[in-house]
> 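Okay, handing you the structure first.
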Amino acid sequence: MHFLSPALLHLAWLALIPLALYLFRKRARRVSVSTLLFYRSLSREHQESAWLRKLKKWLSLTLSLLVIFLAVLALGRPSAHGTNNTPAAVVLVIDRSASMAAQDSQGRTCLNEAKKLLQQRLNALPDQVILSLITFDAKPHVLLSRSRNRRECLRLLAEIQPLPMESRPTNALTVSRRLAELEKGSQIWHVGDTAFTNTEGLTYAFFNVATTAPQNVGITGFQIRQAPMSRDRFEAFVKVSAAKSNSSTSTFQLEVSLAGRLAQLRELSLAPGISTTLILPLEGVRGQRLELLLKAPGDCLGWDNAVVTFLPQTRPIVVAWVAEKADPFTELAMTSMIEAGRIEILKGAPAAWPLKDKPDVYVFEGWLPEEWPTDRPIIALNPPQSSGPLQLQRLQEPGLPHDSVRDVAPDHPLLYRVSTSRLAITQTSILQLSGSLEPLWMAGTEPILVAGEVSGQRLVITAFSPSRSEQLALLPAFPLLLGNALYWCVENSEAVSELRPHHPGDLLSETGLIQWTEWDGNQFTETTGEASKGLFAIQQIGAWQSSDHRGTSILASTTETDLPSFNAESQAASALPNIKATSGVSDWPFVLLWMTLILLMLESWLFHQKAVF
């Protein structure tokens, strides 16, 4: 037995008051009266022996002292030690990412089941157990740290709501581990749909609240861009995935609406664990609202079923094109993009290097600077010598012709809609790859097109001459390749900022009022938000616009769309022993208060009925 509020036990000194009143009682005084008849009659009715009168006095003192001591003990909150299974501290970790909003056949979400389970286990814990409460989505959030206030913990637990964010459990496990290490005998109770890994050295229990038979398909990838060689035309890349735990093939419809009107309707079927990609051609006015809505019968998660955005209003990409002698095919490809309003070109000779104006991307053709620039992405077309991270061996003129080209990474953004069939290439140099540069095209055994990042700088390198390559002038492969390369290089620049989708959890550098077209999992709603101190944290899915900028926020997470199913075997194996509070542990203060009340009523009855005072 110990006390949770021992500082209040000092109030036991109040027992000195009735003790002092008992010791310093007023003695009887002799008083003269006119007659004793009345007192004699009272004496006969209340005739008591001396020992009985002394017993009443001791009983009165004992009752008074007991009332004070019981009240002080109740204020001290006595608590007995728990059972052998009772932990000294418990760190509660609850997942509130998007997948926890998945509903079962009765409409119950995984998060509601998680809160219900934790509430039951919390009510079974003794009062002396130290509690910590952590929620996590993209980041961990410590709601309660090392407290015995169970009522506050239950209140905070009831207020937790799921958010449309991707789960990142690594940081949550780190925070949980640090809190558990502060108290010997701590346990970590994790409630979610996916268990932590690397829990060595921890007393860890995972309680699985995933749905038993989930059925879910969702949009796991989205990107919109302007068509490289067209005006007022756009292309939307959409990736749709089906959860591996689906019980059967999912048949769904994808509705594409532009400016409030249905523009396209696709009907697809996906087997469990399979993904498909769609390229949606769009034609409209910049700034029009685009909505993608996926409808699948029996779908249990709504946050990954919609995308809403605007047809982008971007400025042209500023390209610095430096060439010793411009290739006519390169000039033709550049001119077509200029006419479409996609790029602005700063063309110059090597003698003009370094340039005064800073572009979005450098294009070096047949020439490389001696000092490699690192402040912008670079496209090196048919480089003549090595420089910086680009190492090569030049072939003798006129180069090595190849009748065919092989795709090594056909899913790379540079090769989007670029066909290599009937493509003949004349190789001009042998590239030596280093760092994260990867080959995209191979001619024979040598790479002739590579791309990647070196020290955070994006590079695209070609080892062939367009004008010497047969059939290249007759095919759209090279203009498309060059346009894709420009967009890929400036993907993170301000020029195409409206083309980049954001995700819940990102921070926006905005001020003032922000208007949202929000997707709540069931429908689109119009809401507003206020950006204070120049920052705005995205916590919803939808399209936003401020006085200066606009953009979109999407879930697009394969992790959240791929809902896990409940596994009873792993649940039973990972759960801790049932925690049962010692009988009456949490009721001790109430028992003492009831005993105090009973003693007061007994003392009152004895005073009035038996003259005990």
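Heads up: numbering here begins at 1 and tracks the sequence. Everything numeric here is computed off the predicted structure, so don't read it as measured data.
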> Evaluate Glu526 against Arg289 for salt bridge (Lys or Arg N to Asp or Glu O under 4.0 Å), listing each step before the verdict.
CA-CA 13 Å; Glu526 302 294 332; Arg289 192 167 78 182; 3.2 Å; yes

> Would a 4.5 Å heavy-atom cut-off, applied to side chains only, mark Asp407 and Leu440 as touching?
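No. Closest side-chain heavy atoms not under 4.5 Å.
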
> For Asp193, what residues pass the salt bridge (Lys or Arg N to Asp or Glu O under 4.0 Å) criterion, not counting sequence neighbours?
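Applying salt bridge (Lys or Arg N to Asp or Glu O under 4.0 Å) to Asp193 gives none.
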
> So which heavy atom on Glu255 is nearest to which on Leu262, and how close?
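Residues Glu255 and Leu262, closest heavy atoms: CB-CD1, 4.0 Å.
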
> Just by distance, no angles: are the side chains of Thr525 and Thr527 close enough, under 3.5 Å, to form a donor-acceptor pair?
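There is no such pair between these side chains.
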
> Do other residues, nucleotides or ligands put more than 12 heavy atoms under 6.0 Å from the CZ atom of Arg155?
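Counting other residues, nucleotides and ligands, CZ of Arg155 exceeds 12 neighbours.
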
> Please find the pair of heavy atoms, one from Ile541 and one from Trp516, that lie closest to each other, and give the distance.
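Of all heavy-atom pairs spanning Ile541 and Trp516, the closest is C-CZ3, 4.5 Å.
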
> Check whether Asn246 reaches the backbone of Ser248 with its side chain - one donor and one acceptor, N or O, closer than 3.5 Å.
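Not a single qualifying donor-acceptor pair exists.
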
> Check whether the side chains of Asn216 and Asp562 place a donor and an acceptor atom closer than 3.5 Å, and report yes or no.
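No.
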
> Between Ser241 and Thr558, is any side-chain donor less than 3.5 angstrom from a side-chain acceptor?
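No pair is found: no donor N or O on one side chain lies under 3.5 Å from an acceptor on the other.
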
> Let me confirm one number: the OG1-CZ distance from Thr199 to Phe206, rounded to the nearest 0.5 Å.
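CZ of Phe206 is found 11.5 Å from OG1 of Thr199.
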
> For residues Leu563 and Cys300, report the shortest heavy-atom separation together with the two atoms involved.
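Here Leu563 and Cys300 meet closest at CD1-SG, 3.3 Å.
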
> What's the verdict on side-chain contact (heavy atoms from CB on, under 4.5 Å) for Leu449 and Leu481, showing C-alpha distance, side-chain angles and the deciding distance?
CA-CA 10 Å; Leu449 173 64; Leu481 176 65; 3.7 Å; yes

> I'd like a table of donor-acceptor pairs (distance under 3.5 Å, sequence neighbours excluded) in which one partner is a side-chain atom from residues 165-174, with atom names and distances.
| residue | atom | partner | partner atom | Å |
| --- | --- | --- | --- | --- |
| Thr174 | OG1 | Thr170 | O | 3.1 |

> What do the steps show when you test Tyr362 against Asp375 for side-chain contact (heavy atoms from CB on, under 4.5 Å), and what is the final call?
CA-CA 10 Å; Tyr362 293 121; Asp375 58 338; 3.6 Å; yes

> Before accepting this row, confirm whether a basic side-chain N of the pair Glu113/Lys115 lies closer than 4.0 Å to the acidic partner's carboxylate O.
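No.
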
> Closer than 3.5 angstrom, by distance alone: can the side chain of Glu344 be matched with the main-chain N or O of Val319 as a donor-acceptor pair?
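The answer is no, because no donor-acceptor pair under 3.5 Å joins these two groups.
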
> Side chains of Asp304 and Thr561: any donor to acceptor distance under 3.5 Å?
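Yes, side-chain donor-acceptor contact under 3.5 Å.
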
> Which heavy-atom pair separates Pro312 from Ile224 by the least distance, and what is that distance?
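Nearest pair, atom of Pro312 first, then Ile224: CD-CD1, 4.1 Å.
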
> What heavy-atom pair brings Pro501 and Gln223 nearest, and what distance separates the two atoms?
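In terms of heavy atoms, the two residues are closest at CD-OE1, 3.7 Å.
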
> Can you name the ring-ring contact (aromatic ring centres under 6.0 Å, His included) partners of Phe196, sequence neighbours left out?
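Partners of Phe196 by the ring-ring contact (aromatic ring centres under 6.0 Å, His included) criterion, ordered by chain and then number, come out as Phe136, His190, Tyr204.
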
> State, with a plain yes or no, whether a side-chain heavy atom of Val405 is found less than 4.5 Å away from one of Met442.
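Val405 does not reach Met442 side chain to side chain.
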
> Determine, step by step, whether Arg286 and Gln288 satisfy the side-chain hydrogen bond (donor to acceptor under 3.5 Å, both in side chains) criterion, reporting the C-alpha distance in whole Å, the side-chain angles of both residues, the deciding distance to 0.1 Å, and the verdict.
CA-CA 6 Å; Arg286 300 178 184 183; Gln288 286 183 328; over 6 Å; no

> When you compare the side chains of Thr330 and Glu365, does any donor N or O come within less than 3.5 Å of an acceptor on the partner?
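Side-chain D/A pair, Thr330 to Glu365: present.
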
> Determine whether Leu270 and Thr249 satisfy the following criterion, side-chain contact (heavy atoms from CB on, under 4.5 Å), listing intermediate values before the conclusion.
CA-CA 6 Å; Leu270 284 179; Thr249 300; 5.7 Å; no

> Start with the C-alpha distance between Arg96 and Gln161, add both sets of side-chain angles, then the distance that settles side-chain contact (heavy atoms from CB on, under 4.5 Å), and finish with yes or no.
CA-CA 7 Å; Arg96 67 171 183 183; Gln161 297 297 328; over 6 Å; no

> Should His412 and Trp488 be marked as a ring pair (Phe, Tyr, Trp, His ring centres under 6.0 Å) after you check the CA-CA gap, both sets of side-chain angles, and the distance that decides it?
CA-CA 10 Å; His412 196 280; Trp488 181 75; 5.3 Å; yes

> Looking only at heavy atoms, what is the nearest atom pair of Val217 and Ala296, with distance?
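Closest approach of Val217 to Ala296, heavy atoms only: CG2-CB, 3.6 Å.
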
